[in-house]
2 protein chains.
Amino acid sequence: MGTVSKALNLLGYFNHGRLEIGLSDLTRLSGMNKATVYRLMTELQAVGFVEQVDGARSYRLGPQVLRLAALREASVPILSASRRVLRELSEETGETTHLSLLQGDQLASLSHAYAPQHATKVMMEDAEVLTFHGTASGLAVLGFADDSFVAAILDGPLEARTPQTQTDPAAIRRLIDAARRTGMAQSVGGFEAEVHSHAVPIFGPDRAVLGALAVAAPSSRMTDTQKQAIPRALRAAGLALTQRIGGVCPPDFPPMPLP
Amino acid sequence: MGTVSKALNLLGYFNHGRLEIGLSDLTRLSGMNKATVYRLMTELQAVGFVEQVDGARSYRLGPQVLRLAALREASVPILSASRRVLRELSEETGETTHLSLLQGDQLASLSHAYAPQHATKVMMEDAEVLTFHGTASGLAVLGFADDSFVAAILDGPLEARTPQTQTDPAAIRRLIDAARRTGMAQSVGGFEAEVHSHAVPIFGPDRAVLGALAVAAPSSRMTDTQKQAIPRALRAAGLALTQRIGGVCPPDFPPMPLP
DNA sequence: AACCAATGGTTCAAATAATGAACCAGATGC
DNA sequence: GCATCTGGTTCATTATTTGAACCATTGGTT
């Protein structure tokens, strides 16, 4: 691994629970030498990828990433395309919706919409990294990912975020197969307790899976009516989003059932 | 300059006119050795900062920057805070408004809003890099930047984007001084012909200037009425945005004139 | 007030990774 | 069928990165 990767991997330790990280913490987290971390962070700071909060002390992400993200959106306007789809899907289902995208070997939730209807709703934070085996979105993605990628996930550690999280590789494999067959995945409390999610994959122009569109509802509201309505609306929204970004579904993707 | 800076500087060559760059172009643009550029880009690709468009060929920015930008917004929610301010200011003035932020030694326009009123309007693109000497936003920022920073800008090459661009260092210095005295800057056709812009600086919690809020109108619509109304609305909006992000104006910032 | 354990930051010889000229192989143009 | 692009690769030379140890401050404990 080259120096550039090491430096940029340091940025991976930032998340919603750790928006600012001190030198010592970063040294511990990364397992690298303190002097190395210091030099890398100093260099990242010089190019505006991180900044120090005031004068000295801990680091946080810098303003330069905003410019790059805006240009990425200009190249591949998937987030902007998703906003209307998310909003309409939220209104139609009455529940929280979100879009997650593959970023290398991670799946991050990057855009969401809330429904106005209910006082209680599933709350989302952008940039949260999702597990593949414990979320509907993750299973939907795995259903259409490379075999080697799926194997790597099933081989790796399968953490249980909740008591309901499925961690048996064989069982997860069955869920993935079901996702591929039906074009949709579900998770009941696999990531957050009391949350029942449905998700469909989103495809790019090369027919590769890019991420997933999901509806997350409190389990208590998942009535028989909703269990019918949500998959129907979600499937249509997923196809619409894939289409809006110029994507193409793979040949084995199950078509919309007739109404 | 270390390897990390070299790699990340490569990302600086991406812009709206060049969303995808091939290896040879990048080699020429950067002046570095082709093997070096190749290795750096391969490494950036491995961590998801760039990706290759399909299989092989040219590079574009990768999905990883989206996650970092979302986290940056969670740290410093300046873009989300700006959206309402921009929208209201656009509605009030009937013109295009935008927010630009300092990113190291660059000023990039990162968020904008259009007014619904007119058929003609000034169009904006996010992530466009602005000149300091030829835009109202740039002058507003320089008015409250470090002396050394101002000196570096005036010392550097001062490109004329339009025939109207002021490129005389002494004249620009006078514009900067005026911006500091009045808390507002103007530019008539200094960046795009026929565009008359006003801008006010935005400050952070440490009283340092972060960027500028601007109103851009076609010169033809800049009537005496608008010349009064826009500065008034803009000044109020700038103070509101500074306040909403927890910023503090420096002691010498001219207060709002009484109505 | 002395002590201890943190913190961020710095040094310098040794170890390692980056560099660049030259070289492939394929595509495109003439 | 020659010339010139392109992206990609090699390998000895060179320059950068590395890491143990060391400072200076800070905050908490006895």
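In this structure, B/L23 atom CG and C/dA27 atom C1' are separated by 15 Å, rounded to whole Å. Separating the CG atom of A/L26 from the P atom of C/dG9 is a distance of 12 Å, rounded to the nearest angstrom. Between the CD atom of B/Q45 and the P atom of D/dG7 there is a distance of 13 Å, given to the nearest Å. Between B/L10 atom CG and C/dT19 atom P the separation is 10 Å, expressed in whole Å. Between the CG atom of A/D25 and the P atom of C/dG9 there is a distance of 13 Å, given to the nearest Å. Taking atom CG of residue B/L40 and atom P of nucleotide D/dT9, one finds them 15 Å apart after rounding to whole Å.
Checking the phosphate oxygens (OP1, OP2) of D/dT6, no side-chain nitrogen or oxygen of B/Y38 falls inside 4.0 Å. The shortest distance between the side-chain N/O atoms of A/Q52 and the OP1/OP2 oxygens of C/dG9 is below 4.0 Å. Between C/dA18 and B/T36, no contact under 4.0 Å exists linking OP1 or OP2 to a side-chain N or O. OP1 or OP2 of D/dT6 lies within a sub-4.0 Å distance of a side-chain N or O belonging to B/R28.
Among the nucleotides C/dG20, C/dT11, C/dA18, the one closest to any side-chain atom of B/R39 is C/dA18. Taking the side chain of B/T3 as heavy atoms from C-beta on, and the options D/dT18, C/dT10, D/dT17, the nearest nucleotide is D/dT17. The A/N33 side chain lies nearest to D/dA20 when the options are D/dA20, D/dT10, C/dG8.
Place A/K6 and B/M32 on DNA chain C by their nearest nucleotides, and A/K6 ends up nearer the 5' end. Mapped onto DNA chain D by nearest heavy atom, B/G2 and B/A35 fall at different nucleotides, with B/A35 at the one closer to the 5' end.
Side-chain contact between B/T3 and B/L40: present, with at least one pair of heavy atoms (C-beta onward) separated by less than 4.5 Å. Between A/E192 and A/R161, some side-chain heavy-atom pair lies under the 4.5 Å cut-off. With contacts defined as side-chain heavy-atom distances shorter than 4.5 Å, the pair A/L10/A/S30 qualifies.
Side-chain atoms of B/T162 and B/T165 include a donor-acceptor pair closer than 3.5 Å. Looking only at atom types and distance, the side chain of B/E43 has a donor-acceptor partner in the side chain of A/S5 under 3.5 Å away.
Side-chain to base pairing of A/K34 with C/dG9: one donor and one acceptor N or O lie within less than 3.5 Å of each other.
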